[in-house]
Amino acid sequence: MHHDMDMEQIVSLCKRRGFVFQSSEIYGGLNGFWDYGPLGVELKRNVKHAWWQDMVLAHDDLNVLPSAPGVYSMTGIDSTIIMHPQIWKCSGHYDLFIDKMVDCRECKGRFREDHIPGTPCPLKPSKQVGQHDKCSLTEPRDFNLMFKTTLGALGTEEDAAFLRPETAQGIFVNFKNVIDSTRYRLPLGIAQIGKSFRNEITPRNFTFRSREFEQMEIEFFCHPNESADWYRYWRDRRMKWYQDYGVGSERLRLREHAPDELSHYSIGTADIEYAFPFLSAGEYGELEGIAHRGDFDLRSHMEGKLDEKTRPLQVQLGPDGKPKWRGSGKDLSYRDDLTNEKFVPHVIEPSAGADRATLAIICEAYHEDEAPDEDGKSQKRTVLRFHPRLAPIKAAIFPLVKKDGMPEMAKEIYLALKKQFNVFYDEKGAVGRRYRRQDEAGTPYCITVDGQSLQDGTVTIRDRDTLQQERIKAADCLQVVRDKVG
RNA sequence: GCGGGUGUAGCUCAAUGGCAGAGCUCCAGCCUUCCAAGCUGGUGGUGAGGGUUCGAUUCCCUUCACCCGCUCCA
């Protein structure tokens with residue numbers, strides 16, 4: 001039942017209830033930036049926490065997981081947003097993100113300056129860009145897709161640095177550190193959650209395309225001979241993760257890239273996509289990409305940036321015949337203690353957008369349904385059906401009415417639960433209204449203290465989705481919520 | 001970056017070149033023993049800057065943001 005999923009309604013709810021605000025709103029807003037409010041920060045934290053918990057902390061590294069090619073380890077790091085500028089030259093981002101661009105005032109086309117030779121002009125008859133009489137090209141303009149900043153208070157152009165456009169490189173350049181400082185053996189996944197920055201040309205579609213965003217990335221290092229199996233494992237594992245948290249409708253799909261979409265060195269790349277309500281019918285937006293990256297990244301940081309068009313991969317050379325971008329010169333290969341084999345690991349990269357996952361979870365959770373009012377008449381109800389583990393508020397505690405000792409008992413339950421869960425206490429107004437407010441916030445359970453509670457020490461716990469109430473002992477509330485929320 | 005549209009209270013919408021209104025929400029109180037709109041009272045607004053004018057929320061210019069379509073999306 002998603003026919004009622006309407007983006008305007010969802011955006012409005014996000015603002016009204018404090019999930020997402022426009023950044024700098026009192027100053028008129030800032031294009032491409034969004035803030036999370038009191039409910040949003042909890043939801044997004046829960047998404048990130050679930051990811052870290054499921055992928056890293058709770059990972060069973062002693063047994064072969066279902067569908068996995070073998071046992072493997074998982075750990076994490078937290079690297080800086082600003083890193084050595086050479087990293088982005090070797091990663092390839094510098095070349096791709098610092099292009100000069102030329103706009104045509106006549107045909108409204110936008111072209112990379114270095115691509116103009118050979119690029120046809122959209123005007124007819126077709127000629128090269130700039131060759132038409134009508135062509136009116138602007139001067140080449142810097143098109144900095146990476147955010148540039150300056151190191152040091154007196155910084156000059158030589159001190160230019162960049163805000164990372166992805167967290168992945170922080171993992172690659174720490175691969176040797178992690179191996180050397182721990183006893184992990186391959187296969188090993190290193191996870192990182194953090195902010196990344198890209199000067200998107202057209203920020204649009206709510207938080208989907210933002211200039212500051214948060215990624216949840218794993219770089220999974222393995223033996224080259226096993227990399228294809230691990231690629232398939234991670235692709236399916238990550239798809240299942242979204243489904244496990246309720247993004248299970250036909251709006252979610254796994255799209256394997258066609259061979260001509262793949263980098264030369266990649267065995268496979270798949271996108272996990274979601275049909276966001278702001279997209280046209282049949283269109284999907286990327287939540288996560290799972291890429292087989294071969295040894296491109298580690299070797300680029302060893303030898304210098306590799307030329308993606310070569311096979312086998314070779315260092316990309318500049319006009320002087322020397323490496324265009326010099327690598328670190330450090331040996332990032334891995335020696336297997338058991339076989340004594342030395343090799344440069346291949347990498348599988350599941351790279352997820354935390355904001356996009358959060359947005360998809362909000363969209364998927366959004367429902368309008370009917371619930372009876374006090375006269376038994378059916379009334380429209382807006383409800384966010386979050387997975388209990390992701391819900392910002394786990395439970396709300398109400399006294400049925402604000403008298404006869406009910407508030408006192410409810411407050412006691414509230415404080416007991418608050419030590420472990422984000423819970424909410426409300427004693428104001430009609431209880432029905434309080435239920436509806438929690439439905440809109442996506443709170444899965446409401447605990448109500450009523451007249452009977454005072455007699456026998458029981459309370460009711462109401463389910464957000466079924467509206468059914470169950471009577472439990474007040475003393476059991478913590479355990480019941482723990483069991484339900486997990 | 002281009003074209004079109006839209007900006008009035010937290011939300012949905014009125015109105016006017018001359019004191020900016022309503023419903024809902026929210027807050028305080030009353031009432032209330034299980035699913036939002038019963039009573040009383042209250043808070044709160046013309047995206048920003050400039051211009052025309054005696055006076056601008058209204059007319060004009062600029063700007064910002066959002067939506068739609070292009071462009072872009074490593």
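A note on names: the letters A, B, ... follow the listed sequences, proteins ahead of strands, and every chain is numbered from 1. Predicted, not measured: the structure shown is a model, and the values here were computed from it.
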Quiz item: Under the salt bridge (charged side-chain N to carboxylate O under 4.0 Å, His left out) criterion, do Asp369(A) and Arg385(A) qualify, and how do the steps go?
Solution: CA-CA 11 Å; Asp369(A) 65 7; Arg385(A) 294 198 175 130; 2.9 Å; yes
Quiz item: With a 3.5 Å cut-off and just heavy-atom distances, do the side chain of Thr202(A) and the base of rC73(B) make a donor-acceptor pair?
Solution: no
Quiz item: Arg204(A) near the nucleic acid: base, sugar-phosphate alone, or nothing, with a heavy-atom cut-off under 4.0 Å?
Solution: base
Quiz item: Nearest of rC68(B), rC35(B), rU33(B) to any side-chain atom of Phe278(A)?
Solution: rC68(B)
Quiz item: Using the C1' atom in both, what is the distance from rU52(B) to rC66(B), to the nearest Å?
Solution: 29 Å
Practice problem: Would you indicate which nucleotide in rC35(B), rU33(B), rC66(B) comes nearest to any side-chain atom of Trp34(A)? | Solution: rC66(B)
Quiz item: Rounded to the nearest Å, what distance is computed from the CZ atom of residue Arg434(A) to the P atom of nucleotide rC35(B)?
Solution: 12 Å
Exercise. Working to the nearest 0.5 Å, report the span between CG of Leu298(A) and CG of Asp295(A).
Key: 7.5 Å
Quiz item: Of Glu283(A), Glu286(A), Glu273(A), Glu288(A), which is the lone residue that meets salt bridge (Lys or Arg N to Asp or Glu O under 4.0 Å) with Arg255(A)?
Solution: Glu273(A)
Exercise. Please step through side-chain contact (heavy atoms from CB on, under 4.5 Å) for the pair Phe276(A) and Cys363(A), ending with a clear verdict.
Key: CA-CA 7 Å; Phe276(A) 285 99; Cys363(A) 291; 4.1 Å; yes
Quiz item: Using purine N1 to pyrimidine N3 plus N6-O4 or O6-N4 for Watson-Crick, or N1-O2 and O6-N3 for G-U wobble, each under 3.5 Å, what pairs with rG38(B)?
Solution: rC30(B)
Practice problem: Taking atom P in both rA56(B) and rU43(B), compute the distance separating them and give it to the nearest angstrom. | Solution: 26 Å
Exercise. Would you mind classifying the nucleic acid contact of Asp404(A) as base, sugar-phosphate or nothing, using non-hydrogen atoms under 4.0 angstrom?
Key: base
Quiz item: Taking for each residue the nucleotide of RNA chain B with the nearest heavy atom, is it Asp463(A) or Lys15(A) whose nucleotide lies nearer the 5' end?
Solution: Lys15(A)
Exercise. Mind checking Asn31(A) for me? I need base, sugar-phosphate or nothing, with any heavy atom below 4.0 Å counting as a touch.
Key: sugar-phosphate
Quiz item: Given atom CG of Leu30(A) and atom C1' of rC66(B), what is their separation to the nearest angstrom?
Solution: 13 Å
Quiz item: Are Trp230(A) and Phe220(A) an aromatic pair by the rule of ring centers under 6.0 Å?
Solution: yes
Exercise. Please state the C1' separation for the pair rG23(B) and rC70(B) - nearest whole angstrom.
Key: 40 Å
Quiz item: Where the side chain of Ser12(A) is defined as all heavy atoms beyond and including C-beta, which of rC66(B), rC11(B), rU32(B) is the nearest nucleotide?
Solution: rC11(B)
Exercise. Take atom CZ of Arg209(A) and atom P of rC73(B), then tell me their distance rounded to the nearest Å.
Key: 10 Å
Quiz item: Any N or O donor-acceptor pair linking the side chain of Arg433(A) to the base of rC35(B) at under 3.5 Å?
Solution: no
Quiz prompt | Separation between the C1' atoms of rU46(B) and rG7(B), rounded to whole Å | solution = 9 Å
Practice problem: Using atom CG of Leu145(A) as one end and atom C1' of rC73(B) as the other, report the distance to the nearest whole Å. | Solution: 8 Å
Exercise. With the side chain of Gln22(A) defined as its heavy atoms from C-beta on, choose the nearest nucleotide among rU33(B), rG10(B), rA65(B).
Key: rA65(B)
Practice problem: Look through every strand shown and name the nucleotide pairing with rG3(B) as Watson-Crick or G-U wobble, where both distances are under 3.5 Å. | Solution: rC68(B)
Quiz item: When we call it a touch if two heavy atoms are under 4.0 Å apart, what does Lys428(A) touch: a base, just sugar-phosphate, or nothing?
Solution: sugar-phosphate
Quiz item: Closest to the Arg16(A) side chain: rG10(B), rC34(B), rU33(B)?
Solution: rG10(B)
Quiz item: When the aromatic ring centroids of Phe197(A) and Phe213(A) are compared, is their separation below 6.0 Å?
Solution: no
Practice problem: Tell which nucleotide pairs with rA22(B), taking only Watson-Crick or G-U wobble pairs whose two distances are both under 3.5 angstrom. | Solution: rU12(B)
Quiz item: So, Phe206(A) versus Phe208(A), ring centres under 6.0 angstrom or not?
Solution: no
Quiz prompt | Sugar-phosphate only, base, or nothing, as touched by Phe208(A) at under 4.0 Å among non-hydrogen atoms | solution = nothing
Quiz item: Which of these nucleotides, rC68(B), rG10(B), rU33(B), is closest to any side-chain atom of Asn205(A)?
Solution: rC68(B)
Quiz item: Can a donor-acceptor pair under 3.5 Å be found between the side-chain atoms of Tyr27(A) and the base atoms of rC64(B)?
Solution: no
Exercise. Using the P atoms only, state how far rC64(B) lies from rA48(B), rounded to an integer number of Å.
Key: 15 Å
Self-check item: Positive for side-chain hydrogen bond (donor to acceptor under 3.5 Å, both in side chains) with Gln169(A), one of Glu219(A), Arg164(A), His301(A), His93(A)
Solution: His301(A)
Exercise. For rC60(B) versus rG4(B), give the span between their P atoms, rounded off to a whole number of Å.
Key: 15 Å
Exercise. Nearest whole angstrom, please: distance from the P of rU71(B) to the CG of Asn199(A).
Key: 21 Å
Quiz item: Is the closest side-chain donor-acceptor distance between Ser351(A) and Glu217(A) under 3.5 Å?
Solution: yes
Quiz item: Which whole-number value in Å describes the distance from Asp426(A) CG to rA28(B) P?
Solution: 10 Å
Quiz item: What interatomic distance, in whole Å, is found between P of rU40(B) and the corresponding atom of rU25(B)?
Solution: 14 Å
Exercise. Assign Arg381(A) to base, sugar-phosphate, or nothing according to its heavy-atom contacts below 4.0 angstrom with the strands shown.
Key: nothing
Quiz item: In residues 467-476 of chain A, which residues come under 4.0 Å of RNA chain B by heavy atom?
Solution: Leu467(A), Gln469(A)
Quiz item: Atom OH of Tyr435(A) to atom C1' of rU33(B): distance rounded to whole Å?
Solution: 11 Å
Self-check item: C1'-based separation of rU57(B) from rA20(B) [nearest Å]
Solution: 8 Å
Exercise. For Ser280(A) and for Glu25(A), find the nucleotide of RNA chain B with the closest heavy atom, then tell me which residue's nucleotide is more 5'.
Key: Glu25(A)
Quiz prompt | Aromatic centroids of Phe175(A) and Phe221(A) separated by under 6.0 Å | solution = yes
Quiz item: Glu8(A) CD to rU6(B) C1': how many Å, rounded?
Solution: 10 Å
